[in-house]
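Please read the structure below before turning to the comments.
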Amino acid sequence: MVLSDDTKTSSENGSEIDRERKAFDDTKAGVKGLVDAGVVNIPRTFIRPPGEIAEELTTHQGKLQVPVIDLDGIRYNKLEDIVDQVRAASETWGFFQVINHGVPLHLMEEMIEGVHKFNEQDVEVKKPFYTREPTRNVRFNSNFDLYHSRTASWRDTLAIFTSGTKSLEPNELPKVCRDTIMEYIKEVSKLGETLFEILSMALGLKPEYLKDMGCFNIYGVACNYYPHCPQPELTLGAKRHSDPSFLTILLQDQIGGLQVFYENQWIDVNPISGGLVVNLGDFLQVISNDKLKSVDHRVAANVHATSRVSVACFFTGHATETQKPFGPIKELISEENRPVYREFLVGEYFSKYFSKELEGKSAGLKQFEI
Ligand code: OGA
Ligand code: NI
């Protein structure tokens, strides 16, 4: 998740590393700017602690794969079967890929192309979008947690907020991908609606349940750009984290790099042609009282010559109506199944999530445990 920002520096006096970060930020050119300048040794800000890198070498890659679910079956009275598959994947992996999902293939391709075009245009055209200002609906920057993190990640992000303090106007979007983004959000919203119906059924609730609760609606879209990294073994494209959402629908190109933490190892989420990655966020784990899982994931630094692109749509429901609390769904609570979490406001969760470094999920969810 890369949707927020911060303007504070971690040290009032400004240490040397803070000054380096500020200098990098001031270029407004992101990591792509470093690559374009021919950087061979990545700046210190991006280098992971030696202990973390050493641990990495002992990690084994398994042959396991995230489940792939064909949604075409919905049209052939196979709904029950699909609900079972989604339930099984959501209770274990917290991740699955969908095919025949209804989002037009040409739109997915145009979206990836649009993110390339935005990032690969003249840096002077991109600079006006480079900001950490929370009131802006469209913010381009590198590392939303740049000033709070031990290690920065090798990626740049164009973050789009559809329902901030004022709702998104198409002309706030970069010209090169404006129409595509608007159309893409519309189509992915439809898929999200279907998935929330399936997830409601997977929880034994009526199909409209999660939508009526207000989980539905895309709050933010992160268009991620991962340029080639000259020293990929020293850094990551995105650090280990879980998503602060109910659900995330992710479009990735064919390059690969996304990994999910499953059975104590990192498993590659291999791109499948025409597929979309779906993952459950922290809020769904809370309201399902731990039945469905929000699982940690990360992105390896890009070793390929071509930049990797992904587009994450975060369904966060009542993110702006912060007065409506969310907690474990009453129907799922019983004597044998006591609530694991207290009620929370999405706003309360967000302010904590974005005032610290991006990190693994337990820290995020723990604060709401009873
Ligand atoms: C995210 C995320 C994965 C990717 O933006 O939250 O996990 O493949 N992205 O870019
Ligand atoms: Ni994520």
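Heavy-atom basis, side chains included; hydrogens, waters and symmetry copies ignored. Every number for a ligand or one of its atoms is a count from 1 in the order of the listing. Computed from a predicted model, the values in this text were never measured in an experiment.
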Which residue in the set N289, V286, L210 passes side-chain contact (heavy atoms from CB on, under 4.5 Å) when paired with I329?
L210
Could you tell me if any non-hydrogen atom of H297 lies under 4.0 Å from any atom of ligand 1?
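It does; at least one heavy atom falls under 4.0 Å.
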Contact between R298 and ligand 1, counting heavy atoms under 4.0 Å?
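False for this residue.
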Taking [X] first and then [Y], would you say they form a salt bridge - that is, a charged N and a carboxylate O separated by under 4.0 Å?
| X | Y | value |
| --- | --- | --- |
| R19 | E16 | no |
| E187 | K190 | yes |
| R298 | E52 | no |

Can you list the atoms of ligand 1 that are under 4.0 Å from a heavy atom of [X]?
| X | result |
| --- | --- |
| V299 | 3 (C), 4 (C), 8 (O), 10 (O) |
| D243 | 6 (O) |
| N224 | 5 (O), 9 (N), 10 (O) |
| R308 | 4 (C), 8 (O), 10 (O) |

Region of [X] that comes within reach of ligand 1 [heavy atoms, distance under 4.0 Å]:
| X | answer |
| --- | --- |
| V277 | neither |
| F314 | side chain |
| S310 | side chain |

Do you see a donor-acceptor pair shorter than 3.5 Å between the side chains of N279 and D243?
yes
What I want to check is whether the side chains of H297 and H241 have a donor and an acceptor closer together than 3.5 Å.
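Side-chain D/A pair, H297 to H241: present.
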If you look at D243, which of its N/O/S atoms is nearest to the Ni ion (ligand 2)?
OD1
Ignoring hydrogens and angles, tell me if any N or O in the side chain of Q65 forms a donor-acceptor pair with the backbone of D268 under 3.5 Å.
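Pair found, side chain donor or acceptor close to backbone of D268.
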So which of R240, H241, Q259 gets nearest to atom 2 (C) of ligand 1, if we judge by its closest heavy atom?
H241
Is there side-chain contact between Y225 and V31, with at least one heavy-atom pair below 4.5 Å?
no
Would you please indicate if the ring centroids of F326 and Y349 are separated by under 6.0 Å?
no
What angle sits at the Ni ion (ligand 2) between NE2 of H297 and NE2 of H241, to 10°?
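Here the angle at the metal atom is close to 90°, to 10°.
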Contact check: Q252 vs ligand 1, nitrogen or oxygen atoms, below 3.5 angstrom:
no
